[in-house]
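What follows is one structure encoded as structure tokens, with my remarks underneath.
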2 protein chains.
Amino acid sequence: MDRFPAADAPLYEVKANLFKGLSHPVRIRVLELLADTAEVTVTELMQGTNQEASNLSQHLAVLRRYNLVVAQRRGVQVFYRLAYPQVADLLTVARSLLQQLLHTTTQQLAGFSPPAGESVPSTAGAAVKEAPLR
Amino acid sequence: MDRFPAADAPLYEVKANLFKGLSHPVRIRVLELLADTAEVTVTELMQGTNQEASNLSQHLAVLRRYNLVVAQRRGVQVFYRLAYPQVADLLTVARSLLQQLLHTTTQQLAGFSPPAGESVPSTAGAAVKEAPLR
DNA sequence: TCATTACTTTAGAAGTCCATCATATAACGG
DNA sequence: CCGTTATATGATGGACTTCTAAAGTAATGA
């Protein structure tokens with residue numbers, strides 16, 4: 001079992017930052033909108049997320065900080081786009097994982113035993129409606 | 001531009017939680033070790049991460065809480081494994097993204113202009129040695 | 001220059017995260 | 001039952017995150 005060399009820590013830190021950028025619902029929504037459309041203005045993102053301007057701006061700053069998006073000002077407007085296509089891939093995989101998770105959770109609530117392990121089923125599935133998944 | 005229906009919020013919350021589980025270097029390392037080996041004991045994870053027992057335990061609790069791993073006790077030992085294969089996929093995509101990011105960053109430091117946008121290049125690349133990527 | 005639009009940053013409160021230290025719990029053999 | 005091993009949980013302080021409201025900055029046309 002190889003150890004965790006301290007030399008790798010910065011790389012893991014950068015990777016963790018990528019996931020940090022994705023770890024808020026509004027920011028996921030923003031990235032999904034950007035995955036759908038090449039570039040989007042802040043105003044459009046405000047509408048697509050239902051967030052107030054300053055809140056959204058701070059979320060966008062996080063996404064910029066962690067290299068998930070790039071911004072370009074053209075006149076009065078600022079356009080955002082995904083920094084790398086792999087960001088969209090992360091969303092796609094997460095979607096698939098979520099579907100599995102929901103499936104597993106509903107199975108458990110229906111009385112079927114968990115696949116393996118003794119993990120306690122999450123209650124997230126119970127609170128989650130079968131809304132259309134992206 | 002479709003809005004962010006409140007009905008979807010719980011689903012986004014669950015998705016955000018998945019990413020939250022991934023947003024710490026030690027937890028990434030744990031998941032990578034689990035992606036390599038079907039199941040691993042806590043002791044082995046302690047060695048592979050260089051973390052003290054209670055710190056690791058708290059990280060493992062986060063991974064359990066967000067449905068990224070499952071635990072199974074057998075006698076004195078507890079074995080951990082990935083809850084879904086898509087977790088490994090997330091790590092794979094992130095690795096590819098990181099490689100792109102590092103490449104972009106080193107290009108910028110070498111004096112080439114950023115691909116698009118006016119985003120400020122991260123200083124992460126400068127701090128990051130070209131250690132072997134997983 | 002001024003007013004307006006679009007967007008960002010600041011400040012503060014409340015909540016969350018993380019590492020460390022201490023303690024608790026589960027399993028097992030003597 | 002007791003001692004030991006393996007692992008989990010609790011408490012705490014400091015750092016970080018998120019939302020709201022206010023203020024600041026950039027661009028533009030009159």
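Throughout, a chain's letter reflects where its sequence line sits, starting with A, and its residues are numbered from 1.
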Could you check whether any side-chain N or O of B/Thr106 sits under 3.5 Å from a backbone N or O of B/His103, counting only pairs where one atom can act as donor and the other as acceptor?
yes
Quick one: B/Gln77 CD to D/dT5 P, roughly how many Å, whole number?
14 Å
For A/Val62 and A/Gly75, take the nucleotide of DNA chain D holding the closest heavy atom to each; which residue's nucleotide lies nearer the 5' end?
A/Val62
Looking only at the side chain of B/Arg27 (C-beta and beyond, no hydrogens), which of the listed nucleotides D/dT7, C/dC18, C/dC7 gets closest?
C/dC18
Verify, without hydrogens or angle tests, whether A/Arg81 (side chain) and A/Ala83 (backbone) share a donor-acceptor contact under 3.5 angstrom.
no
Locate the shortest heavy-atom distance separating A/Thr41 from A/Gln77; write the atom from each residue and the value.
CG2-NE2, 3.8 Å
Less than 3.5 Å between a donor and an acceptor, one on the side chain of A/Ser54 and one on the base of D/dA21, is that the case here?
yes
With side chains defined as the heavy atoms from C-beta onward, is the minimum distance between B/Tyr12 and A/Glu32 less than 4.5 Å?
yes
Looking at side-chain heavy atoms only, is the closest gap between B/Val14 and B/Asn67 below 4.5 Å?
no
When rounded to whole Å, the CD to C1' distance for the pair A/Gln72 and D/dA26 reads 15 Å
What about B/Gln58: does its side chain form a donor-acceptor pair under 3.5 Å with the base of C/dT20?
yes
Take the protein atom OH of B/Tyr80 and the nucleotide atom P of D/dA6, then report the distance between them rounded to whole Å.
15 Å
Whole angstroms only, please: what is the CZ-C1' distance between B/Arg65 and C/dC18?
12 Å
Which of residues 17-25 of chain B sit near DNA chain D, with a heavy atom under 4.0 Å from it?
none
For A/Asn55 and D/dA22, what is the distance between atoms CG and C1' respectively, to the nearest whole Å?
15 Å
Is B/Ser57 touching bases, backbone alone, or none of the nucleic acid, heavy atoms closer than 4.0 Å?
base
OP1 or OP2 of C/dC17 sitting under 4.0 Å from any side-chain N/O of B/His59?
no
Please state whether the phosphate of C/dT25, meaning OP1 or OP2, lies under 4.0 angstrom from any side-chain nitrogen or oxygen of B/Arg73.
no
Tell me which nucleotide among C/dA27, D/dT18, C/dT9 gets nearest to the side chain of B/Val76.
C/dA27
Looking across every strand, which nucleic acid part, if any, lies under 4.0 Å from B/Phe79 by heavy atom: base, sugar-phosphate, or nothing?
nothing
For A/Met46 and C/dA6, give me the distance from atom CE to atom P, rounded to whole Å.
9 Å
Whole-Å distance, A/Glu13 CD to C/dC18 C1', equals 12 Å
Quick one: does A/Asp89's side chain get under 4.5 Å of B/Leu97's, heavy atoms only?
no
Side-chain (B/Arg29) to main-chain (A/Ala9) donor-acceptor, under 3.5 angstrom:
no
Rounded to whole Å, the CZ-P distance (B/Arg64 to D/dT7) equals 12 Å
